[in-house]
Amino acid sequence: EEVVREFYTEFYLGRGNWRRIEELLFESAGTKPGEPGSAAVYKTLAGHAQDKGDGPREAQYLDKLHKADPSDDEVVERLIHLNKASDRWHVVAQLLSARAEATGDDLERLRETYAELVEVYTDHMGVEAKALGVYQEWRKRDQGNEQVAAEPLELYGRLGRWPNHVKLL
């Protein structure tokens, strides 16, 4: 049965028939989409999509995995990478925001995540007001970090938010 499943998987992959591949893998796993055990099928499907170089389809399957387990860092990192490659910056921002919220006391990870989120908002989305919101949240969670207090100064100046600018000085 394993050999037959592998044969048909390769056959359908060669033809790009993802619907049949999904049906085959769910049937062989004895589960359906959304049921227990479906995560393993989505992981397999994402791997096949990655092997075929089909980033959008891989992202689709990884998104289903992410919804089932938002704490899976490997899935989140791959989703961030795929969405950056597709210039889907709003999705990248959502993923980074969720990662920042889920980050506990790991200040190094929190700093990396917030720095990347600020970059996404300022450099890729042009939403400097959102970047300021990130800095405010960052300062609340990382109070001993002087760099976080100084970095928003330029943004406050560009946006003309002088009272906020003066408060930081």
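Residues take their numbers from the sequence shown, with the count starting at 1. Bear in mind the structure is a predicted one, so any value in this text is a computation, not a measurement.
The salt bridge (charged side-chain N to carboxylate O under 4.0 Å, His left out) check on Arg15 picks up nothing, with sequence neighbours excluded. Shown here are the side chain to side chain donor-acceptor pair (under 3.5 Å) partners of Asp106, two or more places apart in sequence or in another chain: there are none. Residues meeting the side chain to side chain donor-acceptor pair (under 3.5 Å) test with Asp54, sequence neighbours left out: Arg57. Here Tyr12 pairs with Arg20 under the side chain to side chain donor-acceptor pair (under 3.5 Å) rule; sequence neighbours left out. With sequence neighbours left out, Lys67 forms a salt bridge (charged side-chain N to carboxylate O under 4.0 Å, His left out) with Asp63. In terms of the salt bridge (charged side-chain N to carboxylate O under 4.0 Å, His left out) criterion, residue partners of Asp73 (sequence neighbours excluded) are, by chain and number, Arg109. Annotation: ring pair (Phe, Tyr, Trp, His ring centres under 6.0 Å) contacts of Trp89 (sequence neighbours excluded): His124. The side chain to side chain donor-acceptor pair (under 3.5 Å) check on Asn17 picks up nothing, with sequence neighbours excluded. With sequence neighbours excluded, the residues forming a salt bridge (charged side-chain N to carboxylate O under 4.0 Å, His left out) with Glu2 are Arg5, listed by chain and number.
Side-chain atoms of Gln143 come within 3.5 Å of backbone atoms of Lys140 as a donor-acceptor pair (strictly under, hydrogens ignored).
Listed by first then second residue, pairs satisfying salt bridge (Lys or Arg N to Asp or Glu O under 4.0 Å) with a partner in residues 28-41 number zero, not counting sequence neighbours. Applying the salt bridge (Lys or Arg N to Asp or Glu O under 4.0 Å) test to pairs two or more places apart or on separate chains, none has a residue in residues 39-51. Counting only residues at least two apart or on different chains, the salt bridge (Lys or Arg N to Asp or Glu O under 4.0 Å) pairs with a member in residues 79-89 are Lys84-Glu116.
Atom CG of Asp72 is separated from atom CG of Leu65 by 7.0 Å, given to the nearest 0.5 angstrom.
With a 4.5 Å cut-off on side-chain heavy atoms, Leu13 and Trp18 count as touching.
Under the 30°/60° scheme for interplanar angles, the aromatic rings of Tyr8 and Phe11 are found to stand perpendicular.
One side chain, Tyr61 or Glu22, offers a donor N or O that lies under 3.5 Å from an acceptor on the other.
Aromatic ring centres of Tyr121 and Tyr135: separated by at least 6.0 Å.
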